[in-house]
Amino acid sequence: MDSSSSAPAGASARMSQPFAPPQQNIPRIQRALLDWFAVNQRRLPWRVHYTPYEVWVSEVMLQQTQMERGVDYFNRWMARFPDIAALAAADEEAVLRQWEGLGYYSRARHLLAAARKIMAEHGGAFPSDLEAIRALPGVGPYTAGAIASIAFGEKLPCVDANVERVIARVFDVDSPVKQDPAAGVVRRWALRLVPEGLAREHNQAMMELGALVCRKKPRCEVCPLAVFCSSRHLGIVEQRPVPGKKAVIKPVQAVTGVLRRAGRVFVQKRPPSGVWGNLWEFPGGRVEPDESPEQAVVREFMEETAFTVRVAATYGIIRHGYTTYRLTLHCFGLELADAAQSALPQLTAATESRWARPEELDGLAMPAAHRKLADRLFAVAPSAAHTP
DNA sequence: CAGACGTGGGA
DNA sequence: TTCCCAAGTCT
């Protein structure tokens, strides 16, 4: 552990080249990276054609998402929406159902909106101009650069969390990478590293290196850039990148109820903005202080639908983790307290509702926790299960 | 600029 | 079980 000995950390265990400062060895870094990528890149469905559409969809899909999961979603997406025109012509309902389980549903809504914009404003051809790409809904600075460089070969860097990590280590960036002095430094080095005419390969190589080798727990033994790595030379790889502030996870108690009537269940469609925008759910909400889950679900139904309901069954608890909360969802079976009351709700938290046959739920996009509950109650026949 | 926006998997 | 993610964008 003691790195104060004369040899740089890691240099003693095996034969190694002397440290070569990265600032003076850009061409060697570029070559080492490309050579490494040529041999070690994973075979992925979006690394075959490099059409703008495929690059775009894969980049959006992989935002905040693990590669493993992205592959299945990507293949199913391309089978269902093979090109921009097919996507533009799709119903949002179908698009969200394809996306179900991936989270951050605004990505799917933006993808659809952007496809329609491309049809309307670019004659159906994906724009190659960086500004036009950036103007598409859901395309921010990262994704615009990724598409421009990977699909169109523009000499631009892609700076995602992987690349930030690689650069923070190789160039020993010693302040939080997400914030400004460091973010600018990272962008500058990222740009200087892009070789002429090879932006596609280089940018993917940087991200792939971050994903496979320069991970949070780095594998310096197999890193093609080890000899150029400043933080490794200093024995502080584990201290790079410097982290920002971390989120506080707060526990939340919530309820949801499956209201049944004549063999059907009540579901409602959430508003377009906010969490789970345009997805279908069983009504519910938070448990207030000094309130039991049973009381909460009755109150929430009254507030959201004007139905007076009664708890008829307890369906247990579903635990679901989020970025900023840890949800404990108490689930109930409900019936109308007065069987004679109208089956027409007065919606206050939804844009539409329906009394659905249980099989119908399979065609509706629902949040993961609600899908979990639906599956638990109405076990889907294996042949019908195309749930992610 | 900080906070919202999801999820299943690995340590 | 709990913690921490993983190829960001929008407001």
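What you are looking at is a predicted structure, and each value in this text was computed from that prediction instead of being measured. Hydrogens, waters and symmetry mates are skipped; everything else that's a heavy atom, side chains included, is used. To find a chain, count down the sequence lines: A is the first, B the second, and so on, and within it residues start at 1.
Residues satisfying the ring-ring contact (aromatic ring centres under 6.0 Å, His included) criterion with F81(A), sequence neighbours excluded, are W77(A).
As judged by a 4.0 angstrom heavy-atom cut-off over every strand, V139(A) is placed among residues touching the sugar-phosphate backbone only. Within 4.0 Å (heavy atoms only), M61(A) reaches no atom of the nucleic acid at all. When heavy atoms are screened at a 4.0 angstrom cut-off, R47(A) is found touching base atoms of the nucleic acid. Contact annotation for K217(A): no contact, since no heavy-atom pair falls under 4.0 Å across all strands.
Note: CZ (R165(A)) to P (dC4(C)) measures 16 Å, nearest angstrom. With rounding to whole Å, D375(A) atom CG is found 14 Å from dT7(B) atom P. Computed from coordinates, the I249(A) CD1 to dT1(C) P distance equals 17 Å when rounded to whole Å. Taking atom NZ of K178(A) as the reference point, atom C1' of dT9(C) lies 12 Å away to the nearest angstrom. Look at CD on Q63(A): it is 7 Å from C1' on dT9(C), rounded to the nearest Å. One can place CG of L102(A) at 14 Å from C1' of dG8(C), the figure rounded to the nearest angstrom. Between the P atom of dA6(C) and the CG atom of L212(A) lies a distance of 12 Å, rounded to the nearest Å. The distance from atom OH of Y105(A) to atom P of dG8(C) is 18 Å, rounded to the nearest whole Å.
Toward the 5′ end of DNA chain C lies the nearest nucleotide of R319(A), the other residue of the pair R319(A) and T143(A) mapping further downstream. Between T65(A) and G140(A), it is T65(A) whose nearest contact on DNA chain C lies nearer the 5' terminus. Each of Q179(A) and P367(A) was assigned the nucleotide of DNA chain B with the nearest heavy atom; the assignment lying further toward the 5' end belongs to Q179(A).
At the phosphate of dT9(C), neither OP1 nor OP2 sits under 4.0 Å from any side-chain N or O atom of H110(A). Distances shown here put every side-chain N or O of Y104(A) at or beyond 4.0 Å from the OP1 or OP2 atom of dA6(C). Of the side-chain N and O atoms in R326(A), one or more sit less than 4.0 angstrom from OP1 or OP2 of dC3(C). Under 4.0 angstrom from either OP1 or OP2 of dA4(B) there lies no side-chain N or O belonging to W276(A). OP1 and OP2 of dT7(B) both lie 4.0 Å or more from every side-chain N or O belonging to Y73(A).
Rounded to the nearest Å, the gap between the P atom of dG6(B) and that of dT11(C) is 13 Å.
In this structure, of dC5(B), dG8(B), dG8(C), it is dC5(B) that holds the atom nearest to the side chain of Y325(A). In this structure, the nucleotide among dC10(C), dG8(C), dG6(B) sitting nearest to the side chain of D160(A) is dG8(C). Distances from the side chain of A368(A) to the nucleotides dG8(C), dT9(C), dT7(B) place dT7(B) closest.
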Output one line per pair: protein atom, nucleotide atom from nucleotides 9-11 of chain B, and distance, for all N/O pairs under 3.5 Å.
none

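Using bins of under 30°, 30° to 60° and over 60° for the plane-to-plane angle, the ring pair W189(A)/F171(A) lands in the parallel bin.
In terms of modelled atom types and a separation under 3.5 Å, the side chain of D129(A) and the main chain of A132(A) share a donor-acceptor contact. A donor-acceptor pair under 3.5 Å is formed between the side chain of S230(A) and the backbone N or O of V170(A). Judged by distance alone, with hydrogens and angles left aside, the side-chain atoms of R169(A) form a donor-acceptor pair with the main-chain N or O of R240(A) at under 3.5 Å. Within the 3.5 Å criterion, the main-chain N or O of S292(A) finds a donor-acceptor partner in the side chain of Q295(A). Proximity of a side-chain donor or acceptor of R97(A) to a complementary backbone N or O of D362(A) within less than 3.5 Å is detected. Looking at R371(A), its side chain never comes within 3.5 Å of a backbone N or O of G101(A) through a donor-acceptor pair.
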Exercise. How far apart are the C-alpha atoms of R116(A) and E92(A), what are their side-chain angles, what is the distance that settles it, and do they pass the salt bridge (charged side-chain N to carboxylate O under 4.0 Å, His left out) test?
Worked result: CA-CA 11 Å; R116(A) 290 176 176 167; E92(A) 188 186 79; over 6 Å; no

